[in-house]
Amino acid sequence: MRFDDLREKLLLGGVAPRHVRRYLRELSEHLDDLTAQQRVAGYDGEDAAIRARARLGSDDELAAAMLAQKQFRSWAARAPWLVFLILPPVTAVAIGMLFIGSLGLAGKYFGFLGTHAPSSPPWFQLLAADLVAACNLTAVPLSAILFVAIAARQRLKLVWPLIASLLLLVLVVQSKADFAAHGKSHLSLGLGLALLPQAWARIRENWFQVGAQYVVIILPVSWLWRRRLAKA
Amino acid sequence: MTETSSFMSGLPELAILRLLQEQEMYGYEIVQAVAARTGAVVSPGEGVIYPLLHGLEKSGALKSRRKTVGGRSRVYYTLTAKGGRRLGALSSRWSELNGAVEALMAGGALAVR
């Protein structure tokens, strides 16, 4: 594919993928114009293509011009500590809120949750139990996948997604749905540290779920590590 | 451009803004027009013009839109009001510099302000 080496140089230099995409697209269109110009000048086939490519500039020149524009660097390249240390727990909670929030909204809409709410019907309790389990199982692993994908896409050092994954490993996102008669039902979402004694009982209780979570957190970063090894 | 010294820095930007003041153009067109207007004395590197265009757009000096003309889709750039003001400022600086260099080459002296 055209400009593969240039793409790698730019991504490794920290340029945001969307700016890389736009630059390469315009370069490609420019190259088409230059090639057409060379053909009009009497050069044909590969000769025209080589002359056009030389006029466009070397990969080093083209990369240097873009890298000099600091405003096109991605957030992950500018402040990786922010993206890979602060955002993973925030993202995990945000994903959890999507599950629990939608359940809460549905509960309020049907009148199953709230101070004066009647007892929830069995179908809603079943739905809530499933959504809570899905939230507990997927909120943290989905965050890990997201941050590994960011690192892979932007060619960032492996240490950053590794830090994000390790951070997510020590976090426990736990949501809960308790149903009781006459307005006592409630939903909760919490974030805790797996290292704290209070969390151990919960981990022991849900060891299968937690174990599955840990495996799914580790898998993306190990995939990236193997991919990098293969490329090296 | 043929010279890459800091002396010439700012010139491609001035050339781009000046050309876009007249009409909207796409990258290839801009490079050809600059070379043609300056007798190829100023000829921006063909590909390296895009980071400059994108930077000017980000700073609000230019606007861009994708347009299909004659079956070819390209990004066309136009000057904004902010770009017009920037062109004015750059033109004044270059005129001053031009006057200074001319005076220097003629052997005269500029009045010290």
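Below, chains carry the letters A, B, ... as their sequence lines are ordered, and counting in each starts from 1. Both backbone and side-chain heavy atoms feed into the values below; hydrogens, waters and symmetry mates do not. These numbers were taken from a predicted model, which means no experiment stands behind them.
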For atom [atom1] of [X], decide whether the heavy atoms of other residues, nucleotides or ligands shown that lie under 6.0 angstrom number more than 12.
X: A/W223; atom1: CH2; value: yes
X: A/E46; atom1: CD; value: no
X: A/Y43; atom1: OH; value: no
X: B/R93; atom1: CZ; value: no

Any residues in residues 50-62 of chain B near chain A, with a heavy-atom distance under 4.5 Å, and which are they?
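Heavy-atom contacts from residues 50-62 of chain B to chain A are B/Y50, B/P51, B/L52, B/H54, B/G55, B/E57, B/K58.
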Do [X] and [Y] make a side-chain contact, defined as non-hydrogen atoms from C-beta onward lying under 4.5 Å apart?
X: A/H30; Y: B/V31; value: yes
X: A/Q37; Y: B/Y28; value: yes
X: B/E29; Y: A/D33; value: no
X: B/V75; Y: A/R22; value: yes

Going by an N to O cut-off under 4.0 Å, is there a salt bridge joining A/E26 and B/R66?
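Looking at A/E26 and B/R66, the cut-off is not met.
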Inspect the contact between B/R74 and A/E29 and indicate whether a charged nitrogen and a carboxylate oxygen are less than 4.0 angstrom apart.
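No salt bridge links A/E29 with B/R74.
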Residue part contacting chain B, namely of A/L67, when any heavy atom lies under 4.5 Å
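Neither the backbone nor the side chain of A/L67 comes within 4.5 Å of chain B.
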Between A/R55, A/H19, A/M66, which residue shows the highest count of heavy-atom pairs closer than 4.5 Å to chain B?
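Option with the top pair count is A/R55.
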Looking at A/L56, A/L62, A/L27, which one forms a side-chain contact (heavy atoms from CB on, under 4.5 Å) with B/V48?
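Testing each of A/L56, A/L62, A/L27 against B/V48, the sole residue satisfying side-chain contact (heavy atoms from CB on, under 4.5 Å) is A/L62.
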